[in-house]
Amino acid sequence: MIGRLPLDEQLPALRTTLQRNELLTEVLARTATLDLPGWYLTAGCVFQTVWNVVTHRAPSGGIRDYDVFYFDDADLSWAAEDEVIAAGRAVFAGLPVEIEIRNEARVHLWYEAKFGVPCPAYTSSEAAIDSFAATTCCVGVRTEPGDRWRVYAPHGLSDVFNLVLRPNPVQAPRSVYEAKAARWRRRWPELTVLPWPPSAD
């Protein structure tokens with residue numbers, strides 16, 4: 001069982017699993033051509049591909065969009081981010097999925113208006129990934145020269161492969177975690193959803 005392997009053995013299994021999703025590997029390849037600073041393909045498209053493969057579903061099934069994070073604090077204007085989004089629109093043309101590109105250096109400028117709680121300015125794409133509502137979601141991957149995959153997984157990969165959704169009460173409020181958990185469990189009823197800790201309310 002992959003979820004019980006040491007991390008160094010889980011990493012090749014993660015790559016093999018994600019490569020089952022041909023859309024994901026194509027998004028990775030095309031994103032690399034944008035040469036974005038500190039970029040990762042992250043969030044649902046990564047862990048949900050694993051859930052699909054582990055539960056013998058179509059690898060890309062139920063994945064709503066593909067999130068690309070990058071970090072550029074040299075220009076925090078919307079215009080600069082929009083220019084990158086426009087470049088991505090051209091690069092991803094023809095793919096039958098929605099690609100959402102976001103400069104994580106700008107998140108603190110709009111987060112509170114959307115989620116109702118303030119967000120400190122992130123210092124990197126990794127810091128943004130650290131803040132996801134569930135630790136299980138905290139996985140980012142990117143391709144690098146020499147056919148190398150870079151994986152950022154601060155909480156490891158066991159929960160991802162074991163279908164365990166564990167809360168991460170560092171930024172997102174309880175309501176966000178519970179709404180996402182309910183939606184995901186409808187799609188993947190095999191999930192074990194751990195409760196939000198009362199001490200975090």
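Just so it is clear, the values below take in all heavy atoms, side chains as well, and ignore hydrogens, waters and symmetry mates. Just so we're clear, the structure is a prediction, and the values are computed from it rather than from any experiment.
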Is a side-chain donor or acceptor of [X] paired with a backbone partner of [Y] at a separation under 3.5 angstrom?
X	Y	value
Asn162	Ser158	yes
Thr136	Val160	no
Asp73	Ala105	no

Considering all heavy atoms, the nearest [X]-[Y] contact:
X	Y	answer
Asp75	Asn103	O-ND2, 4.1 Å
Cys137	Thr42	O-OG1, 4.5 Å
Ile63	Thr49	CD1-OG1, 3.4 Å
Pro37	Asp72	CG-CB, 4.0 Å
Ala133	Ala172	CB-CB, 3.8 Å
Trp149	Leu28	CH2-CD1, 3.6 Å

First locate atom [atom1] of [X], then atom [atom2] of [Y], and finally report the distance between them rounded to the nearest 0.5 Å.
X	Y	atom1	atom2	result
Leu23	Cys45	CG	SG	10.5 Å
Phe161	Leu14	CZ	CG	5.0 Å
Glu190	Thr55	CD	OG1	5.0 Å
Ile99	Leu41	CD1	CG	8.0 Å
Glu100	Arg64	CD	CZ	10.0 Å
Thr192	Arg166	OG1	CZ	10.0 Å

- Could you walk me through whether Val84 and Leu34 pass side-chain contact (heavy atoms from CB on, under 4.5 Å), step by step? CA-CA 8 Å; Val84 173; Leu34 291 168; 5.6 Å; no

Single-linkage hydrophobic cluster [X]~[Y], side-chain heavy atoms < 4.5 angstrom:
X	Y	result
Tyr177	Leu163	yes
Trp39	Val27	yes
Val53	Val46	no
Val176	Val117	yes
Leu24	Phe92	yes

- Scan for side-chain hydrogen bond (donor to acceptor under 3.5 Å, both in side chains) pairs involving residues 104-115, sequence neighbours excluded, and state none if there are none.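 Listed once each, the pairs are Glu81-Arg106.
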
- Query: Under the side-chain hydrogen bond (donor to acceptor under 3.5 Å, both in side chains) test, which residues partner Asp130, sequence neighbours left out?
  - Reply: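 In terms of side-chain hydrogen bond (donor to acceptor under 3.5 Å, both in side chains), with neighbours along the sequence ignored, Asp130 is linked to Tyr152.
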
- Are Phe47 and Trp184 near enough that their ring centres are under 6.0 Å apart?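 When the ring centroids of Phe47 and Trp184 are compared, they turn out to be within the sub-6.0 Å range.
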
For atom [atom1] of [X], decide whether the heavy atoms of other residues, nucleotides or ligands shown that lie under 6.0 angstrom number more than 12.
X	atom1	answer
Arg30	CZ	yes
Glu22	CD	no
Arg183	CZ	yes
Glu9	CD	yes

- Message: Could you go through Ile85 and Arg102, starting from their C-alpha distance and side-chain angles, then the distance that decides it, and tell me whether this counts as side-chain contact (heavy atoms from CB on, under 4.5 Å)?
- Response: CA-CA 8 Å; Ile85 292 170; Arg102 290 292 178 265; 3.5 Å; yes

- Task: Evaluate side-chain contact (heavy atoms from CB on, under 4.5 Å) for Leu165 paired with Arg185, printing each intermediate quantity in order.
- Result: CA-CA 10 Å; Leu165 196 65; Arg185 201 170 197 178; over 6 Å; no

- Query: After noting the C-alpha distance and the side-chain angles of Gln10 and Ile2, does the key distance pass the side-chain contact (heavy atoms from CB on, under 4.5 Å) rule?
  - Reply: CA-CA 6 Å; Gln10 289 176 338; Ile2 296 172; 4.2 Å; yes

- Under 3.5 Å, is there a donor-acceptor pair linking the side chains of Thr31 and Tyr66?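 Absent: no donor and acceptor within the cut-off.
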
- Query: Are Phe69 and Leu36 side-chain neighbours, meaning at least one heavy-atom pair lies under 4.5 Å?
  - Reply: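 No; the side chains remain at least 4.5 Å from each other.
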
- Message: Is any side-chain heavy atom of Cys119 closer than 4.5 Å to one of Gln171?
- Response: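 Yes, at least one pair of side-chain atoms sits under 4.5 Å.
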
- Query: Should the pair Arg142 and Tyr40 be classed as cation-pi, given the thresholds of under 6.0 Å to the six-membered ring centre and 45° from the axis?
  - Reply: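 Geometry flag: set, cation within 6.0 Å and 45°.
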
